Structures are given as C-alpha cells and as structure tokens.
J.: 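Quick one: this structure, given as structure tokens, is what I'll be asking you about.
Proteins get letters first, then strands, A, B, ... in listed order; numbering begins at 1 in each. What you see is a predicted model, and the numbers here were worked out from it, not measured in a lab. The figures here come from the full heavy-atom set of this structure, side chains too, leaving out hydrogens, waters and symmetry mates.
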Amino acid sequence: MEDVLIAKGGTLITLIFLQGSYLKLEEKYNPQPVELKWQKYWAEKNLYKTELSARKQNFYCLEMFPYPSGEIHMGHVRNYSIGDVIARYKKMRGFNVLHPMGWDSFGLPAENAAIKHNVHPSDWTYKNIEKMKNQLNRMGFSYDWEREVTTCNPEYYKWNQWFFLKMLEKGLAYRKYSHVNWCPSCATVLANEQVIDEKCWRCDSPVIQKKLEQWFFKITQYAEELLLGCEELTGWPERVVLMQKNWIGKGEGVEVDFEIEGMEEKLRIFTTRPDTLFGVTFMCVAPEHPVLEKMLLDTGILESLKSKYGKETEKIGFHTGYYAINPMNGDRVPIYAANFVLMEYGTGAIMSVPAHDQRDFEFAEKYNLPVKVVIIPEEKSDISNVNSVLLNEAYEEEGILVDSGQFTGMDSRKAKQEIMKYIEEKNLGRRVVNYKLRDWGISRQRYWGTPIPIIYCDNCGVVPVPEKDLPVILPEDIKITGKGSSPLLESEEFLNTKCPKCKANARRETDTMDTFVDSSWYFIRYCFKKGDIDLYSELKSRDSELNRWMPVDQYIGGVEHAVLHLLYSRFFTRVIRDLGLINISEPFQNLLTQGMVIKDGAKMSKSKGNVVDPNYLIEKYGADTSRLFSLFAAPPEKDLEWSDKGVDGAYRFLNRLWNIVFKYHQKFQTQPRLQIKSISDLQPSSVPLYRKAHQTIKKVTTDIEREYHFNTAIASLMELVNEIYTFEPDSEEKLEVLRFAIETLLLLLSPFSPHIAEELWEAIGNNPSIFEQRWPEWDEAAAKEEQIELVVQVNGKVRSKIMINAGISDDEIEKIALEDRKIKEIAGSKAIKKIVIVKGKLVNIVI
RNA sequence: GCCGAAGUGGCGGAAUUGGUAGACGCAAGGGACUUAAAAUCCCUCGGGGUUCGCCCCGUGCCGGUUCGAGUCCGGCCUUCGGCACCA
C-alpha cells in the first residue's frame with residue numbers, strides 16, 4: 001500500500017528502486033525477440049498438450065496436413081492461421097482442444113528430387129519435415145506435436161496395409177486390368193500430372209495407354225450411402241456438397257435388352273430416357289465392348305478406334321455389319337462401334353436417338369444415319385408431319401410423344417414411367433441406378449509409397465501378407481533413375497519372398513498405394529499419441545479415444561480437395577465404422593474451405609514469379625503481422641489478394657498497440673486495481689471507452705462464432721485501439737477503465753497475434769500465459785448505447801437524423817420526427833399516409 | 001455445353017433478419033512535429049452541384065415486389081471455379 005502511494009506521488013523511479021522487480025518493456029516493437037521468447041516459453045510449458053478431462057467439452061480442430069516440400073508458402077500461412085485462431089479461441093472458451101499437425105510425406109516429388117539431386121527420398125523428406133516444422137513453430141501455431149503423424153513412417157503405413165487386408169477380406173479390395181499412362185521412351189508409368197498435352201513431361205515422347213493389372217477399392221459399394229450422407233453435411237459449404245453429389249452422379253434409368261440379328265446374345269443398353277425408345281435409329285457400343293470380339297471384325301479398324309477412345313472431341317465409329325431389333329416397335333437398326341461410348345458407365349452400349357440426343361445427332365449427321373422425331377415441344381403439338389422438318393440440333397427437352405405406338409400423345413414425364421413399367425412387365429429389361437463414381441484405383445508403379453501387402457505364388461496365386469507380418473517395409477537400398485519399371489522390381493531382397501501358405505518361393509507386389517490412402521484416415525490417427533498404436537485393441541474398446549474425439553469439429557483446407565480427398569475420407573470412415581472401430585459415419589462435422597492467395601490477379605506460383613516468401617515476411621515483420629494480415633485482408637472462404645502495403649498496415653496497427661501499452665504499462669504495474677461494478681457507477685467521461693470495450697467483446701466473439709469472420713473482428717479491434725488513442729486517463733477511475741480496455745483488447749487479439757498479446761499482457765503486470773485466461777464476456781447493459789441516432793425518412797429517403805434516448809416509445813418517436821424542423825419543411829402541410837417505425841433505428845413518413 | 005459462386009469508392013473489403021451504402025485497412029491530399037527526411041500524431045477522402053444550410057445521382061445492366069432493395073423475384077451481361085462425350 002505504501003508503494004502505491006509513492007507511485008501516485010509521481011516518484012516512479014523510487015518505487016522501481018524499492019521493488020526492484022518491475023517488468024521491462026522495450027520502447028520500440030521488435031517482433032523477432034518477442035516471438036522467439038514466447039515460442040520458447042510455450043514449448044517449455046507444453047502449453048498445447050492435448051488434455052482429455054471429462055469436465056470439459058472436446059473440440060477437434062484440424063487443418064489439412066501439408067506435403068513436406070521443404071518450404072511453407074502463403075497458402076499454408078493462411079490455412080494454418082485460420083486453424084490456429086479457432087484452436088486458441090476454443091481453448092480460451094474452455095474446451096479440451098485437439099489441434100494436431102503432420103506430414104503427407106509419401107509421393108512423387110521425393111522421387112523427382114532423388115533423380116535430380118541424387119538424394120534418397122527418405123533423407124530428402126525427413127530433412128524437409130524438419131525445416132517445415134521449424135517454420136510452423138516460428139509462425140507460433142499451437143500444435144500438439146506429441147500427436148505428429150508422418151505417413152512415410154512404417155508406424156503409420158502399417159495401418160494402411162492393415163486396412164487394405166481388412167478390405168480384401170470384405171471384398172472391398174480387388175484386382176482388375178486398367179489403363180495407365182506409359183512413356184515408351186522412358187519405359188515407365190506416368191502419373192496424370194506427368195502427362196502434358198498427351199506427352200511425357202521429361203522426354204516429350206507421346207504417351208500411350210497400357211493395360212496393367214491393378215488394385216482397386218470398391219468405393220462404389222458405398223455410392224448410395226455417400227450420396228445420402230451428403231444430407232448430413234450441414235456444416236459444409238453447399239458448393240462442396242454439390243460437387244460431391246455431382247461426382248457420385250446418380251442416374252436413374254432402365255436397362256433394355258435388344259436382340260442382335262444372327263446372334264444368340266442380346267445387346268443390353270442403359271438409358272435415362274425410355275420415353276425416346278421409339279426414336280432409336282442405330283446402336284453404339286464402346287470399342288472395348290465384349291460383343292465385338294464375337295463379331296469377328298477387322299482388328300485393325302478396331303484398334304485404331306480404341307486409340308481414339310475417350311477424350312477425342314471428334315466422334316468416330318464404324319458399322320459392325322450387325323443389326324439389332326428394337327423391342328418396342330421391331331425396327332431393325334444398325335450396330336456401330338463408336339469412340340464416344342464409355343465402357344465404364346452403364347453397360348458400355350447405348351441406343352442412339354439422334355433426334356433427342358446431341359451426341360447421337362452429331363454421329364448421325366457424320367455417318368448419314370436417319371433421324372426420327374418422337375418427342376415434340378408441347379406448344380408445337382399440332383404439327384402433323386414432324387419428321388419432314390429438318391432438325392439443326394437434337395431436341396433434348398421433355399414434350400409430347402409422337403410416332404410412339406400406344407404411348408403416342410403422352411407427355412414424356414408420364415411416358416417414362418409407363419414405358420419402364422411396360423419393359424418390366426414384358427421382361428425386356430429392368431429399372432437400374434447407375435453412378436458416375438468409379439472404383440478407386442490405388443496401385444501406383446512408384447517407389448515412394450506404401451507397399452501393397454500382397455504376395456504372388458505360383459502355387460497359391462494371390463496371397464495376402466498375414467497381419468502378423470505387417471508392416472511390409474519399404475526397402476531403403478534402392479536406386480531411383482526415373483527410367484524403367486518400378487524400383488521395387490529391381491530390389492531382389494524385397495521382391496523375393498516365401499509364400500505364407502506353401503512356403504515356396506514367391507514374389508511380392510511391387511506397386512505402392514496412392515497417397516490419397518494415407519490422407520483418408522490421418523485424422524483418425526491423430527486421436528492417439530505418437531508411436532506404435534494398436535487398432536486391434538481399439539476394436540474392443542467402447543469408450544475409445546477415437547470415439548471421444550471424432551468427428552473432427554472443424555476441418556480447414558483448400559477447396560482443391562473438395563472432391564477426392566474428402567470423398568475418400570468419407571469412404572474410409574465408413575469402412576472403419578463397419579470394422580467396428582468407430583461409431584460415426586461422417587468424419588468432418590464442419591468444413592471451411594479457404595480461398596486461394598492471389599497476387600497480381602493470379603494464384604501465387606513459382607512459374608508466374610508472384611510468390612511471397614513467408615520467411616521474408618517473418619524476418620521483416622514477424623509472425624504476428626503475417627498472421628494478422630492474412631486474416632484481415634479477406635474473409636477466410638474468399639480469395640485473398642496479397643498487398644505489400646496492406647501488410648504495412650497490419651504492422652502499423654501492432655506498433656500502435658505496442659506504443660500505447662508502452663505509454664501506460666508502468667502505471668498499470670504499480671496502480672492498484674479498482675473494481676468496476678457497473679457502467680452506471682462510472683463518471684460520464686469514462687463511459688465511452690468502457691462501453692466500446694464491451695461492444696468489442698461482443699463484436700469479436702460473434703464474428704468468430706458467425707462463420708469465422710476474422711476480418712471484421714480485427715477491424716473492430718482496430719476501432720478499439722483508435723478509441724484508446726483518444727482517451728485521456730486523468731483520474732484513477734479512468735486509468736482503471738483504460739486498463740480494462742487494454743486487457744480486453746489483448747485477450748481478444750491473442751488468438752490472432754499471440755506473441756505480442758502475451759508480451760504486453762505480461763508487461764502490464766499480469767502473469768503469463770494469456771492463453772490460460774478465460775475469453776472475456778460482455779455485459780449487455782454496458783454494450784448498449786444510451787442514445788441512438790434516429791434516422792428520419794420521408795418516402796424512403798433519409799431527410800434527418802435525430803439523437804434520441806434508447807427505448808422511448810413509438811408514439812414519442814413519431815412525435816419527435818414530425819416536430820423536426822427539416823421534416824416539417826418537407827412534409828409541411830401534406831397529408832401523411834403512413835408512418836413506419838423500425839425500433840431503435842428508423843422512422844419512415846409516407847406522404 | 002452443364003453445374004456453381006461472385007460483381008459495392010482509386011484498391012482490399014464492411015453493411016448479420018428488407019431499414020442510414022462505403023465500417024476497418026490501403027493508396028491519395030492537407031496539417032502538426034523536425035534544420036531536413038523517415039517514423040509518429042491529427043484532419044479530409046464515392047461522383048456531381050452548392051447560397052456551405054444542404055440538394056441530386058450512385059452497389060454490373062434492364063424490369064418487378066415493397067413505405068423502403070446492395071440484400072427478395074424475373075430476365076440479361078461479365079468474371080472466376082468445378083465437371084465435361086456419364087447415354
């Protein structure tokens with residue numbers, strides 16, 4: 001108490017001398033030492049360790065893990081800043097927060113680096129992980145590294161192999177022939193991204209398609225469930241859900257069997273337009289269709305057609321010489337083989353209705369095939385001879401059936417149903433559902449991936465590696481040349497093994513898994529601590545860690561993963577559910593897809609030379625400024641236009657904050673606290689800042705809760721700083737109000753710019769860590785304005801603004817408005833038709 | 001082609017449920033401080049008019065609903081994403 005009196009007397013120096021322990025704050029904001037100081041403190045205190053106390057609610061905050069390229073980029077800074085704000089905010093709100101990070105560390109770039117720089121993919125990858133981990137820590141992100149996941153670690157990919165075996169048992173993994181991109185010159189398989197303009201990325205030779213036997217996951221078995229599950233994705237952006245739905249691509253229709261003249265076999269087609277069945281003038285089958293083999297055609301023509309299969313824009317085909325009979329009307333129509341018919345969808349054969357399908361129309365024009373109109377628009381239904389009119393394009397809309405036997409005159413919607421019924425009754429076909437979704441090919445003819453745990457034995461055939469022998473370790477002593485077949489084929493030690501069944505000599509599968517397998521369940525792995533885990537025992541545990549944390553409460557990542565990664569993860573979660581490991585189906589409750597970081601109107605990329613290096617930003621401005629700007633410049637889901645000047649602005653803001661705290665921090669350290677009980681006890685000049693502080697708590701809190709609108713939350717923090725700058729603390733009470741405003745400000749700022757908040761929090765006499773503080777709460781009475789500005793409109797135009805007391809009655813508002821000098825001038829003697837009053841805001845006088 | 005999102009000052013953006021368009025920041029202009037500059041602090045800042053009181057116009061374009069529309073409805077235009085022979 002004596003100390004305080006001295007301080008009030010103004011002899012601060014004496015006080016410091018007496019106490020000898022006040023905290024020193026640098027006069028100028030120098031971010032680097034401050035940030036390093038607190039990063040060290042947080043690490044030593046293990047502040048981000050995940051806790052699981054039953055008293056608190058759990059919150060799982062997850063950001064998409066990076067590929068360890070060696071350098072973080074602005075996209076990471078943005079993604080992880082968003083996640084970090086949420087994690088820190090939730091922690092301060094009293095949740096147990098799981099906020100992990102890891103490495104999607106298998107994949108092609110490591111092999112490319114190996115070829116280019118002659119380093120082992122493993123060394124290259126782990127070195128990169130170390131570098132990036134340092135960068136992420138330097139950004140001050142609050143990860144619990146005890147749960148770090150590294151997918152290229154056998155401890156992790158062992159479970160990829162385990163899931164593979166489980167799926168094999170359940171018939172969800174199978175082998176079939178499939179195409180790969182093949183470069184004849186490098187004699188190697190190419191990934192899709194290595195094919196540029198149908199040429200090899202390295203040697204420019206044309207890429208050909210080669211058929212290899214490969215492993216698939218039967219995701220199509222879950223197609224309907226994945227589609228239905230979309231309805232539960234209420235916390236996802238609608239467009240992402242829509243993209244998922246479109247990707248699954250459910251099509252309801254009918255399969256119809258057409259007899260082939262002179263063959264036992266029937267030709268089965270799929271159509272969603274049974275109402276056009278009477279308009280069939282020819283049939284088309286995919287070049288791969290098995291019926292073609294029985295037709296004993298010229299293989300040369302067929303092969304050339306196969307080479308034009310798929311992506312060609314021009315439609316090519318040839319007549320097989322065979323004819324089919326339309327079961328509806330007995331029409332005899334030619335069967336063509338055509339490059340535009342896909343073997344993978346439906347039955348690989350179609351009925352062609354050129355009058356009502358644009359693709360068939362183009363094909364018919366090219367090969368001079370007849371066009372038969374069977375549907376006409378309702379408004380033209382009086383035209384008598386429709387087929388004498390030449391079409392310029394197919395009529396694909398619905399309409400009225402003509403020339404369609406007993407169905408003539410029906411509208412197409414009804415006809416669809418009636419014809420389907422007819423087909424089923426007459427046993428000509430059946431209703432079916434088709435999906436665009438294909439099974440997931442997981443085989444990659446690559447080295448740096450999870451070995452597929454399969455052994456090929458001459459006696460026993462395809463033999464799965466027994467679970468007890470997992471993991472099948474990726475051999476380290478290999479040579480990567482980029483040419484020739486997979487490096488695993490060259491590794492005798494890996495390749496040669498014994499058959500687990502008959503112990504004879506056998507070969508291992510040399511393909512590795514698609515890296516999407518790794519990322520399809522890493523969020524599940526995070527629920528356990530680092531090190532060897534035992535999913536077997538999890539199978540038996542009812543109240544497992546897994547069920548306590550899953551689903552992810554908030555997932556944050558780029559929209560580029562809107563389909564594949566998210567769909568595969570939803571698939572895996574269901575498989576894992578069906579194994580009995582987890583009791584939920586949807587892994588991600590809420591999804592935030594952040595926008596790209598743009599500079600000079602284009603996505604940042606090395607080739608465009610418009611990249612901003614986060615290292616440079618950290619060096620020049622520090623992590624707090626980098627984080628703050630990337631959160632302030634745009635709301636998270638929108639693209640962010642980079643602006644060097646804007647970064648200056650964020651830095652300026654933190655400097656203003658620093659300077660104002662520096663000005664008062666010694667006073668706060670020595671001044672005793674006063675209790676502010678309620679806003680009504682304050683002297684009038686204290687009220688505005690106190691009120692502003694409460695309003696800011698409300699604004700920041702609701703902005704975070706409302707779709708994470710950090711940009712407006714930060715704007716309101718800036719407003720509070722501006723208000724603090726105009727405040728003169730010339731009394732003890734006002735100094736206390738100032739202290740309250742600054743403490744509030746630091747608490748609210750802490751998730752965004754954690755280091756400076758922590759430093760200033762300590763400097764004004766509080767104990768660290770600020771992250772052990774509770775998030776502030778606002779007092780509605782204090783946040784409410786006493787006086788409001790009443791907007792007075794006449795016929796919807798603003799004519800006057802009057803300050804009134806909040807909460808006065810409508811009658812009084814009306815009276816005040818009509819007595820206003822300006823309103824009298826305008827409204828004058830005119831008759832008032834109507835008066836509309838919006839509580840506390842506006843009055844509109846209609847004359 | 002199909003599906004989706006978005007168009008607001010010189011720029012990034014704000015306006016939460018149909019109720020003051022332009023919060024906050026950047027840039028620009030002016031002033032204070034300084035021998036000077038930087039930094040900092042203060043003021044102005046959509047366009048046009050003005051008797052300096054205010055008035056008119058303004059959220060891609062055209063129309064509609066409403067006392068009142070950036071916001072809702074109908075029709076266009078532009079930009080950006082996703083899918084693309086899926087029968």
Side-chain angles (χ1 to χ4, degrees), chain A residues 28 237-240 242-243 245-247 249-251 253 269-273 276 284 309-315 338-342 344-353 356-360 362-363 396 434-438 559-560 562-563 595-596 598 601 628-629 632-635 637-650 652-653 655-656 659 699 702-703 705-707 709 711-719 721-722 725-726 789-801 821-822 825 833-847:
Chain A
K28 263 201 64 127
E238 267 176 63
R239 62 193 185 111
V240 175
L242 201 73
M243 280 162 83
K245 283 183 184 169
N246 290 343
W247 192 262
K250 185 175 182 173
I269 59 95
F270 171 75
T271 181
T272 56
R273 291 295 302 271
T276 63
C284 288
Y309 174 71
K311 293 194 166 59
E312 294 277 323
T313 43
E314 198 195 350
K315 290 176 180 53
N339 70 330
F340 72 96
V341 180
L342 303 173
E344 295 88 346
Y345 184 77
T347 60
I350 59 163
M351 62 177 207
S352 286
V353 188
H356 306 295
D357 184 292
Q358 189 56 27
R359 294 159 301 184
D360 296 344
E362 284 164 26
F363 193 84
E396 295 184 329
N434 270 311
Y435 299 91
K436 291 181 190 173
L437 183 68
R438 308 279 160 76
V559 74
E560 65 271 21
V563 179
M596 288 186 298
I598 304 280
L628 193 72
F629 175 73
F632 175 64
E637 71 281 1
K638 283 180 81 174
D639 285 350
L640 185 154
E641 176 74 37
W642 192 261
S643 152
D644 293 335
K645 290 288 184 184
V647 183
D648 285 334
R652 198 171 301 150
F653 166 70
N655 272 289
R656 271 166 71 78
N659 294 340
K699 176 79 178 143
T702 52
D703 279 352
E705 294 287 343
R706 173 178 66 100
E707 315 268 310
H709 279 201
N711 55 332
T712 51
I714 293 167
S716 70
L717 293 174
M718 291 173 168
E719 284 185 54
V721 168
N722 292 344
Y725 262 76
T726 64
E789 192 183 50
L790 179 73
V791 172
V792 186
Q793 294 183 336
V794 177
N795 289 345
K797 284 189 175 177
V798 180
R799 293 299 176 184
S800 184
K801 293 168 186 180
R821 192 178 52 81
K822 281 212 59 200
E825 232 171 74
K833 287 187 192 150
K834 193 174 171 183
I835 292 177
V836 183
I837 294 173
V838 181
K839 270 250 170 300
K841 263 188 185 160
L842 173 143
V843 55
N844 187 14
I845 299 157
V846 187
I847 54 172

J.: Less than 4.5 Å apart, side chain to side chain, heavy atoms only: is that true for A:V843 and A:V791?
T.: no
J.: Tell me whether B:G9 sits syn or anti, counting syn as a glycosidic angle within 90° of 0.
T.: syn
J.: Side chain of A:E789, heavy atoms from C-beta onward: which of B:G19, B:U20, B:C24 has the nearest atom to it?
T.: B:U20
J.: Can you tabulate the close N/O pairs, meaning under 3.5 Å, that link protein atoms to atoms of nucleotides 11-14 of chain B?
T.:
residue	atom	partner	partner atom	Å
B:G12	O2'	A:A633	O	2.8
B:G13	O3'	A:N711	ND2	3.4
B:A14	OP1	A:N711	ND2	3.1

J.: Does the side chain to side chain contact (heavy atoms under 4.5 Å, CB included) test come out yes or no for A:L842 and A:I837, once each step is laid out?
T.: CA-CA 6 Å; A:L842 173 143; A:I837 294 173; over 6 Å; no
J.: Say you pick atom P in B:G18 and the same atom in B:A87; how far apart are they, in whole Å?
T.: 38 Å
J.: On the nucleotide B:C67, are OP1 or OP2 found under 4.0 Å from the side-chain N or O atoms that A:K834 carries?
T.: yes
J.: When we call it a touch if two heavy atoms are under 4.0 Å apart, what does A:E344 touch: a base, just sugar-phosphate, or nothing?
T.: nothing
J.: Send over the distance from A:L842 CG to B:G18 C1', rounded to a whole Å.
T.: 11 Å
J.: Would you mind reading off the distance between A:F340 atom CZ and B:G1 atom C1', rounded to a whole angstrom?
T.: 16 Å
J.: Run the side chain to side chain contact (heavy atoms under 4.5 Å, CB included) check on A:Q793 and A:R799 step by step: do they pass?
T.: CA-CA 5 Å; A:Q793 294 183 336; A:R799 293 299 176 184; over 6 Å; no
J.: Please report the distance separating the C1' of B:C33 from the corresponding atom of B:G25, rounded so that it comes out in whole Å.
T.: 25 Å
J.: Under the side-chain contact (heavy atoms from CB on, under 4.5 Å) rule, collect the residues that match up with A:F632, sequence neighbours excluded.
T.: A:I714, A:A715, A:M718
J.: Should A:E637 and A:H709 count as side-chain neighbours, where that means a heavy-atom distance under 4.5 Å?
T.: yes
J.: Test your reading of the model: is there a side-chain donor-acceptor pair from A:N659 to the backbone of A:N655, 3.5 Å cut-off?
T.: yes
J.: In the structure I gave you, are the side-chain heavy atoms of A:E705 and A:D703 within less than 4.5 Å of one another anywhere?
T.: no
J.: Taking only residues two or more places apart in sequence, or in another chain, which ones meet A:W642 in a ring-ring contact (aromatic ring centres under 6.0 Å, His included)?
T.: A:F629
J.: Could you tell me the separation between the CZ atom of A:R239 and the C1' atom of B:C80, rounded to a whole number of Å?
T.: 11 Å
J.: I'd like a list of close polar pairs between nucleotides 29-34 of chain B and the protein, N/O only, cut-off under 3.5 Å.
T.:
none

J.: Closest-nucleotide mapping onto RNA chain B: is A:V846 or A:T702 further toward the 5' terminus? I mean the 5' end.
T.: A:T702
J.: Looking at B:A87, B:G4, B:G19, which one has an atom nearest to any side-chain atom of A:Y345?
T.: B:A87
J.: For A:C284, run the side chain to side chain contact (heavy atoms under 4.5 Å, CB included) check against A:I269, A:V341, A:N339 and tell me which one passes.
T.: A:V341
J.: For A:V798 versus A:K801, what's the shortest heavy-atom pair and its separation?
T.: CG1-CE, 4.1 Å
J.: Classify the nucleic acid contact of A:T272 as base, sugar-phosphate or nothing, counting any heavy atom under 4.0 Å across all strands shown.
T.: sugar-phosphate
J.: Using the C1' atom on both, measure B:G82 against B:U8 and round to a whole Å.
T.: 26 Å
J.: For the C1' atoms, the ones on B:A14 and on B:G22, what distance do you get once it is rounded to whole angstrom?
T.: 7 Å
J.: A:E238 CD to B:C3 C1': how many Å, rounded?
T.: 13 Å
J.: If you assign each of A:V559 and A:N246 to its closest nucleotide in RNA chain B, which residue comes earlier from the 5' end?
T.: A:N246
J.: Measure the shortest side-chain to side-chain distance between A:V792 and A:I845 over non-hydrogen atoms and say whether it is less than 4.5 angstrom.
T.: yes
J.: Under the side-chain contact (heavy atoms from CB on, under 4.5 Å) rule, collect the residues that match up with A:K833, sequence neighbours excluded.
T.: A:V846
J.: Give me the distance, rounded to whole Å, that separates B:C61 from B:C55 when you measure between the P atoms they each carry.
T.: 24 Å
J.: Using atom CZ of A:F653 as one end and atom P of B:C26 as the other, report the distance to the nearest whole Å.
T.: 11 Å
J.: What is the distance, to the nearest angstrom, from the CG atom on A:D357 to the P atom on B:G1?
T.: 17 Å
J.: With syn defined as a glycosidic angle within 90° of 0 and anti as everything else, classify B:G81.
T.: anti
J.: Set out, line by line, the N/O atom pairs under 3.5 Å between protein and nucleotides 39-47 of chain B.
T.:
residue	atom	partner	partner atom	Å
B:C41	OP1	A:R656	NH1	2.7

J.: Can you give me every donor-acceptor pair (side chain of residues 345-352 of chain A, partner residue at least two apart or in another chain, under 3.5 Å) with its distance?
T.:
residue	atom	partner	partner atom	Å
A:T347	OG1	A:R268	O	2.7
A:T347	OG1	A:A349	N	3.4
A:T347	OG1	A:A349	O	3.3
A:S352	OG	A:D360	OD1	3.4

J.: Grab the NZ-C1' distance between A:K436 and B:A87 for me, whole Å please.
T.: 10 Å
J.: Do A:R239 and A:V559 come close enough that some side-chain heavy atom pair is under 4.5 Å?
T.: yes
J.: Side chain of A:D639, backbone of A:G595: donor and acceptor closer than 3.5 Å?
T.: no
J.: For a stem of at least 3 consecutive Watson-Crick or G-U pairs with distances under 3.5 Å, i pairing with j, i+1 with j-1 and so on, which stems involve RNA chain B?
T.: B:1-7 with B:77-83, B:10-12 with B:24-26, B:28-32 with B:40-44, B:46-49 with B:54-57, B:60-64 with B:72-76
J.: According to side-chain contact (heavy atoms from CB on, under 4.5 Å), who are the partners of A:K839, at least two apart in sequence or on a separate chain?
T.: A:D810
J.: Please name all residues satisfying salt bridge (Lys or Arg N to Asp or Glu O under 4.0 Å) with A:R273, sequence neighbours left out, ordered by chain then number.
T.: A:D275
J.: List every contact pair, protein side and nucleotides 50-58 of chain B side both N or O, where the distance is under 3.5 Å.
T.:
residue	atom	partner	partner atom	Å
B:C54	O3'	A:K822	NZ	3.4
B:C55	OP1	A:K822	NZ	2.9
B:C56	OP1	A:R799	NH2	3.4
B:C56	OP2	A:R799	NH1	3.4
B:C57	OP2	A:K797	NZ	3.4

J.: Nearest of B:C67, B:G4, B:A27 to any side-chain atom of A:V836?
T.: B:C67
J.: Starting at atom CD of A:E560, determine the distance to atom P of B:A5, rounded to an integer number of angstrom.
T.: 20 Å
J.: Quick one: side-chain contact (heavy atoms from CB on, under 4.5 Å) partners of A:R656, sequence neighbours excluded?
T.: A:V721, A:N722, A:Y725
J.: What integer number of Å spans the C1' atoms of B:C45 and B:C24?
T.: 15 Å
J.: Distance between the C1' atoms of B:A28 and B:U79, in whole angstroms?
T.: 28 Å
J.: Are the side chains of A:H356 and A:E396 in contact, using a 4.5 Å heavy-atom criterion?
T.: no
J.: Considering only atom C1', compute the distance from B:C56 to B:G60 and round it to an integer number of Å.
T.: 22 Å
